[in-house]
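To start, the structure under review is shown below, and the notes come after it.
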Amino acid sequence: QVQLVESGGGLVQPGGSLRLSCAASGLRLDYAIGWFRQAPGKEREGVSCISTSDGSTYYSDSVKGRFTISRDNARNTVYLQIDSLKPEDTGVYYCAAVLHIKWIPTWWASAAPYDYWGQGTQVTVSS
């Protein structure tokens with residue numbers, strides 16, 4: 001049984017930092033983990049993705065340079081380091097796993113292909 005558990009969200013002032021974690025269990029072989037966020041009244045947005053096989057990383061233009069995704073394969077955990085937080089980064093952050101990663105550079109930011117989802121962690125950026 002596959003399980004994804006996010007942690008690390010919270011309330012932070014603009015300009016601050018957070019590190020989100022996505023602990024995965026039940027996954028084997030090659031897969032990718034994507035991070036998505038959803039603000040109230042908005043669609044779920046893909047912000048970053050990492051392949052656990054070769055470590056390839058992907059970022060949306062809105063977060064490039066401020067977000068860093070990394071993996072610890074020994075711990076089956078993917079991290080999302082978020083720096084220089086802005087109020088528009090507020091939302092629920094979800095991690096998701098996808099097993100079929102062919103052509104992933106072309107679709108990683110779309111939610112539909114992902115097979116498993118975590119429950120989400122709230123990030124609120126406010127002074």
Side-chain angles (χ1 to χ4, degrees):
Q1 181 179 358
V2 176
Q3 190 174 20
L4 302 175
V5 180
E6 302 99 333
S7 61
L11 172 65
V12 63
Q13 293 186 341
S17 298
L18 281 175
R19 189 176 80 157
L20 307 183
S21 299
C22 174
S25 60
L27 289 166
R28 298 192 299 174
L29 301 179
D30 297 338
Y31 56 94
I33 295 288
W35 280 99
F36 292 77
R37 67 185 179 188
Q38 189 164 21
K42 294 190 176 181
E43 293 186 356
R44 195 166 295 191
E45 171 193 16
V47 296
S48 188
C49 180
I50 188 167
S51 168
T52 60
S53 60
D54 63 4
S56 297
T57 58
Y58 310 93
Y59 299 93
S60 67
D61 289 341
S62 62
V63 307
K64 201 171 294 183
R66 299 189 299 119
F67 288 24
T68 304
I69 194 169
S70 62
R71 76 196 195 283
D72 183 339
N73 285 351
R75 296 178 183 269
N76 292 324
T77 299
V78 170
Y79 303 99
L80 186 68
Q81 176 70 36
I82 310 176
D83 298 319
S84 303
L85 276 156
K86 305 175 181 180
E88 52 264 41
D89 294 319
T90 295
V92 179
Y93 283 68
Y94 300 89
C95 67
V98 59
L99 306 181
H100 299 92
I101 59 176
K102 191 175 182 180
W103 306 117
I104 194 170
T106 63
W107 54 259
W108 69 266
S110 299
Y114 288 79
D115 302 294
Y116 304 98
W117 290 82
Q119 82 289 350
T121 185
Q122 176 70 45
V123 171
T124 303
V125 184
S126 175
S127 55

Do any pairs count as a ring pair (Phe, Tyr, Trp, His ring centres under 6.0 Å) and have a residue in residues 11-46, sequence neighbours left out, and if so which ones? Phe36-Tyr114, Phe36-Trp117

Looking at [X] and [Y], what are the two nearest heavy atoms and their distance?
{"X": "Pro14", "Y": "Ser127", "result": "CD-N, 3.7 Å"}
{"X": "Arg66", "Y": "Leu85", "result": "NH1-CA, 4.0 Å"}
{"X": "Ile50", "Y": "Gly55", "result": "CG1-O, 4.0 Å"}
{"X": "Gly8", "Y": "Leu18", "result": "O-CD2, 3.6 Å"}
{"X": "Asp115", "Y": "Val98", "result": "OD2-CA, 3.4 Å"}
{"X": "Leu4", "Y": "Cys95", "result": "CD1-O, 3.8 Å"}

Can you name the salt bridge (Lys or Arg N to Asp or Glu O under 4.0 Å) partners of Lys86, sequence neighbours left out? none

Are [X] and [Y] in one and the same hydrophobic cluster, where Ile, Leu, Val, Met, Phe, Trp and Tyr link if side-chain heavy atoms are under 4.5 Å apart?
{"X": "Val125", "Y": "Val63", "result": "yes"}
{"X": "Val92", "Y": "Val12", "result": "no"}
{"X": "Leu99", "Y": "Val2", "result": "yes"}
{"X": "Trp107", "Y": "Ile33", "result": "no"}

Kindly confirm or rule out a cation-pi arrangement of Arg37 over Tyr94, judged by NZ or CZ under 6.0 Å from the six-membered ring centre and within 45° of its axis? no

For a quick check under 3.5 Å, do [X] and [Y] share a side-chain donor-acceptor pair by atom type?
{"X": "Thr77", "Y": "Asp72", "answer": "no"}
{"X": "Ser53", "Y": "Ser51", "answer": "yes"}
{"X": "Gln1", "Y": "Ser25", "answer": "no"}

What distance do [X] atom [atom1] and [Y] atom [atom2] have between them, rounded to the nearest 0.5 Å?
{"X": "Leu80", "Y": "Cys49", "atom1": "CG", "atom2": "SG", "result": "11.5 Å"}
{"X": "Tyr116", "Y": "Leu27", "atom1": "OH", "atom2": "CG", "result": "7.0 Å"}
{"X": "Thr57", "Y": "Lys64", "atom1": "OG1", "atom2": "NZ", "result": "9.5 Å"}
{"X": "Thr90", "Y": "Lys42", "atom1": "OG1", "atom2": "NZ", "result": "10.0 Å"}
{"X": "Ser70", "Y": "Gln81", "atom1": "OG", "atom2": "CD", "result": "8.0 Å"}

[Y] backbone acceptor or donor facing [X] side chain under 3.5 Å:
{"X": "Ser48", "Y": "Tyr58", "answer": "yes"}
{"X": "Tyr93", "Y": "Glu6", "answer": "no"}
{"X": "Asn73", "Y": "Thr52", "answer": "yes"}
{"X": "Thr121", "Y": "Gly9", "answer": "yes"}

Test Tyr59 against Thr68 for side-chain contact (heavy atoms from CB on, under 4.5 Å), laying out the working first. CA-CA 8 Å; Tyr59 299 93; Thr68 304; 3.9 Å; yes

In this structure, are over 12 heavy atoms from other groups packed under 6.0 Å from Glu88 atom CD? yes

Test Ser62 against Glu45 for side-chain hydrogen bond (donor to acceptor under 3.5 Å, both in side chains), laying out the working first. CA-CA 10 Å; Ser62 62; Glu45 171 193 16; 3.2 Å; yes

Let's go through Val47 and Asp89 carefully: what are the C-alpha distance in whole Å and the side-chain angles of both, what is the deciding distance for side-chain contact (heavy atoms from CB on, under 4.5 Å) to 0.1 Å, and is it a yes or a no? CA-CA 10 Å; Val47 296; Asp89 294 319; over 6 Å; no

